[in-house]
Amino acid sequence: MLDLHQKYFQLLKLTRKYIEQETGTRIPLPKIRRQGEEGSRKGTLETIENTIQGCKKCRLSQYRKNIVLGTGNTDAPLMIIGEAPGEQEDIQGQPFVGAAGQLLTKMLAAIHIERENVYITNVVKCRPENNREPHHDEIEACNPYLIAQIKVINPKIILCLGNFATKTMLGKTEGINILRGKIFDYQGIKLLPTYHPAALLYHPALKRDAWIDMQLLQKEIEEENGVRNMSD
Ligand code: SF4
């Protein structure tokens, strides 16, 4: 038997679907409202930005054009963590601006989330040469910046893209095939691993499972919204 919360979320979902069908327009998910702290996050992120400038803690500093710290809404309830900047990201100094980034934007849009309403970053902030995978010591060297970002953004939900982000965050040895599609706890924050959009470009057959994960993300965000609305 459905409990009251589940009935409430189902009703919300059906109402949105009905309005979308009737009007032919898509309704973005409402932002999760957060109390306090607004404004202070931006300042604290700028402090991290200043700290990371000129960082030479690992060998990736030799190849980069730009350090790619992160971008998006600093008050975002959803934080997305990828692997490393690619060529375009390195040139533009922004995460997820290449082909994988465009797919990520579409994946978010499919569950009614506008990209500018989330905060996006990577496990390492400098591009590994020839887009190789980041090494363990490079991930470790860069990890304090990621932890500092998570502390500042203090998201409700983290979406981890791919093996490296997931293993770094959860400290697990299993691969993304095993870990994807499940909600984990990261220091009181919900964490959902899914495939990296770059993997989806190379292996389109994985898109089906990625869609299931995105729907789970949508449900978690709706629940977060619902719980907050109901507690008002
Ligand atoms: S990857 Fe991180 S630790 Fe390594 S040089 Fe770049 S900013 Fe510094």
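In each ligand, atom 1 is the first atom listed, and ligand 1 is the first ligand listed.
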Visitor: Given that the side chain starts at C-beta and the backbone is N, CA, C, O, which of these parts of Arg64 lies under 4.0 Å from ligand 1, counting heavy atoms, or is it both or neither?
Guide: side chain
Visitor: Report the protein N/O/S neighbours of atom 8 (Fe) of ligand 1 that fall below 2.8 Å; do not count waters.
Guide: Cys55 SG
Visitor: Identify whether NZ of Lys or CZ of Arg in Lys57 sits under 6.0 Å from the centre of the six-membered ring of Tyr145 and within 45° of that ring's axis.
Guide: yes
Visitor: Strictly under 6.0 Å, is that where the ring centroids of His196 and Phe96 end up?
Guide: yes
Visitor: If the condition is side-chain hydrogen bond (donor to acceptor under 3.5 Å, both in side chains), which residues does Glu89 pass it with, not counting sequence neighbours?
Guide: none
Visitor: Who are the side-chain hydrogen bond (donor to acceptor under 3.5 Å, both in side chains) partners of Tyr119, not counting sequence neighbours?
Guide: Gln149
Visitor: His136: what forms a side-chain contact (heavy atoms from CB on, under 4.5 Å) with it, not counting sequence neighbours?
Guide: Glu140
Visitor: Tell me if a side-chain donor or acceptor on Asp90 pairs with a main-chain N or O of Lys65 at a distance below 3.5 Å.
Guide: yes
